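Have a look at the structure below, then the notes.
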Amino acid sequence: MIARLELLQKALIAERSGRHRQMVALMREVAEMNVALSLEERETLMVAYHKLLNEKTKAHSKLRECIREANPTEEVLKSLETLQNTMKKEVTNICAEVTGLIARHILPSATTPESEVLYKKWHADTLRVAVRYAENEAAGAELEEASKNMYKMAVQEAVMELPPTNVIRLTLALNYATFRAEVLNDVLGAVELSDSAIEDASAEWTGKRSKAADQAATVIHLLHQNTLFWSTAANKLSHLDPASVLLSDSEACSSIDDHMSPIVSPAKHPLPPSDGDLRSMLEHVVSRKMDFK
C-alpha cells in the first residue's frame with residue numbers, strides 16, 4: 001500500500017509539472033499490480049492518459065492545419081505526411097496501451113458494478129478515439145466494431161446494475177449516443193438512446209440537491225442538447241431516413257470523453273439545470289417521439 005501511495009503522489013507531482021508521460025508510467029505501474037483501484041487512483045490514471053492523448057491529438061491537428069494553410073512543395077508535403085502518419089501511429093499506440101491495460105489488469109481487478117461499467121466505457125471511448133486515427137479503412141472498421149461492442153456490453157451492465165440517475169450510466173449513454181450519431185451515422189438510434197436515458201432518469205429524479213445530483217443533471221442537459229441538434233438535423237432532411245443523416249466534423253456534439261472519468265467539469269458547465277428544466281426536457285422527449293412516428 002505504501003508503494004501505491006508513493007506512486008500516486010509522484011504521479012500527481014508529475015501532473016503539476018506537465019510531465020504526462022511520466023505520470024502515465026507511474027500510474028500504469030499501480031494498475032499492473034492487479035488490485036482494485038481507489039477512486040483517486042483510477043481518476044489519476046484516467047486523467048494521465050487523457051492528458052497524454054490530448055497532447056498527441058492536438059499536435060496532429062496543428063500539423064494538419066499547417067499542411068492545409070502552408071501550401072508546401074511536393075517534396076515538403078511528403079515529409080509532412082510521413083510525420084503526420086507517425087503522429088497518428090503514436091495516438092493509436094497509446095489507445096492500444098490503454099485498452100490492453102484495461103483488459104489485462106484493470107477490469108479483472110474491479111470489485112463493483114459501477115467501476116466495471118466505468119472501465120468498459122473508458123475502453124469503448126478509447127477505441128472511438130482510435131477510429132479517427134486508424135492507419136487505413138479496414139483498421140478503422142475493426143476498431144469501430146470493437147468500440148460498438150464494448151459500448152453495448154457497458155450499457156447492458158449499466159442497465160442491470162446502476163440506477164438511471166447514476167452519473168456513470170448517464171455519461172455512458174451520452175458517449176454511446178454520440179458514437180452512434182457521429183461514427184455510425186445512426187442519428188435516429190442516437191436520439192432514441194438519449195431520450196430513453198432522459199426518461200429513465202427523470203422517472204427516478206428525487207429533486208434533492210447534491211454534488212452527484214448536480215453532475216447527473218448536467219449530463220442530462222447535455223443529452224437533451226444533443227438530441228435537439230440531431231432531431232433538428234433529421235427534420236431538415238426529412239426526405240431522407242434520419243439514420244442516414246451525416247454529421248460533419250464541425251457539427252460535433254457534446255460528450256464526456258474529454259474527461260475520461262465521469263466527472264463533469266464545473267468550469268465548462270457551471271449551472272446544473274433545475275427540476276423545472278428537467279420536466280421541460282421530458283416534455284421535449286415526448287414531443288420528439290411523436291415527430292419521429
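Fair warning: this is a prediction, and the values are worked out from it, not measured in the lab. Below, each value reflects all heavy atoms present in this structure, side chains not excepted, and no hydrogens, waters or symmetry copies.
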key: Side-chain donor or acceptor of N54 paired with backbone N/O of H50 under 3.5 Å   = no

query = Does any pair with a residue in residues 132-147 pass salt bridge (charged side-chain N to carboxylate O under 4.0 Å, His left out), and if so which ones, sequence neighbours excluded?
reply = E145-K148

inquiry  = Applying a strict under-4.5 Å side-chain criterion to I, L, V, M, F, W and Y, I'd like to know whether V117 and V167 cluster together.
reply    = yes

remark   = Taken to the nearest 0.5 Å, the spacing of T57 OG1 from K62 NZ works out to 12.0 Å

key: Closest contact, heavy atoms only, L7 versus M27   = O-SD, 4.4 Å

task = Kindly compute the distance separating NE2 (H123) from CG (L101), expressed to the nearest 0.5 Å.
result = 11.0 Å

key: Over all atoms of both residues, closest heavy-atom pair of P113 and L162   = C-CD2, 4.4 Å

note = Distance col, row N226:CG vs N175:CG, nearest 0.5 angstrom, shows 9.5 Å

request  = Consider only side-chain N and O atoms of E15 and H20, and report whether a donor and an acceptor are under 3.5 Å apart.
outcome  = no

ask   = Would D125 and K121 count as a side chain to side chain contact (heavy atoms under 4.5 Å, CB included) if you check the C-alpha gap in whole Å, the side-chain angles of each, and the deciding distance to 0.1 Å?
value = CA-CA 6 Å; D125 289 342; K121 172 192 167 295; 2.6 Å; yes

message = When you measure from the side chain of T171 to the backbone of I168, do you find a donor-acceptor pair of N or O atoms at a distance under 3.5 Å?
response = yes

query = Under a 4.5 Å side-chain heavy-atom rule over Ile, Leu, Val, Met, Phe, Trp and Tyr, are M150 and Y49 clustered together?
reply = no

key: Atom of A158, atom of L172 and distance for their closest heavy-atom approach   = CB-CD2, 3.9 Å

note = Smallest heavy-atom separation, A31 atom then I106 atom, equals CB-CG1, 4.0 Å

inquiry  = Just to verify, which of E157, E161, E114 counts as forming a salt bridge (charged side-chain N to carboxylate O under 4.0 Å, His left out) with K120?
reply    = E157

query = Are any of the side-chain heavy atoms of L118 and M46 separated by less than 4.5 Å?
reply = yes

inquiry  = Nearest 0.5 Å, please: how far is OG in S115 from CG in L37?
reply    = 8.5 Å

ask   = How far apart are the closest heavy atoms of L223 and S194, and which atoms are they?
value = CD2-OG, 3.6 Å

message = For W122 and L45: C-alpha separation, side-chain torsions, deciding distance, then whether side chain to side chain contact (heavy atoms under 4.5 Å, CB included) applies.
response = CA-CA 11 Å; W122 185 23; L45 174 66; 3.8 Å; yes

inquiry  = Is the shortest side-chain heavy-atom distance between L12 and R16 below 4.5 Å?
reply    = no

task = Would you mind listing every side chain to side chain donor-acceptor pair (under 3.5 Å) that reaches into residues 23-35, with sequence neighbours excluded?
result = R28-E97, N34-H105

Expected output: side-chain T227 to main-chain H224 donor-acceptor under 3.5 Å = yes

query = Is a side-chain N or O of T44 found less than 3.5 angstrom from the main chain of E40, in a donor-acceptor match?
reply = yes

request  = Count the heavy atoms belonging to other residues, nucleotides or ligands that lie under 6.0 Å from CG of N71, then report whether that count exceeds 12.
outcome  = no

Which atom pairs, donor and acceptor, lie under 3.5 Å between side-chain atoms of residues 87-94 and protein residues at least two apart or in another chain?
{"from": "T92", "atom 1": "OG1", "to": "K88", "atom 2": "O", "distance (Å)": "3.4"}
{"from": "T92", "atom 1": "OG1", "to": "K89", "atom 2": "O", "distance (Å)": "2.9"}
{"from": "N93", "atom 1": "ND2", "to": "K89", "atom 2": "O", "distance (Å)": "3.4"}

query = Is the shortest heavy-atom distance from the side chain of E204 to the side chain of D200 under 4.5 Å?
reply = no

query = How many angstroms lie between CD in E116 and OG in S109, if you round to the nearest 0.5 Å?
reply = 10.5 Å

query = In Å and rounded to the nearest 0.5 Å, what is the CD1 to CG distance from I102 to L127?
reply = 8.5 Å

task = Using only heavy-atom distances, determine whether the side chains of S79 and T82 contain a donor-acceptor pair under 3.5 Å.
result = no

ask   = So, for L170 and A201, which heavy atoms are closest and what is the spacing to 0.1 Å?
value = CD2-CB, 4.1 Å

message = Hydrophobic clusters here meaning ILVMFWY residues chained together by side-chain heavy-atom distances under 4.5 Å, can you tell me if I13 and L8 are in one?
response = no

key: Non-hydrogen side-chain atoms of R169 and P164 separated by less than 4.5 Å   = yes

ask   = How are the rings of Y151 and Y176 set to each other: parallel, tilted or perpendicular (split at 30° and 60°)?
value = parallel

request  = State yes or no: do V155 and V183 share one hydrophobic cluster built from I, L, V, M, F, W and Y residues joined by side-chain heavy-atom distances below 4.5 Å, directly or via other members?
outcome  = yes

request  = For the residue pair W230 and T178, establish whether any side-chain heavy-atom pair is separated by less than 4.5 Å.
outcome  = yes

key: In one Ile/Leu/Val/Met/Phe/Trp/Tyr side-chain cluster, 4.5 Å: I198, V159   = yes

Side-chain touch N85/Y133, heavy atoms, less than 4.5 angstrom = no

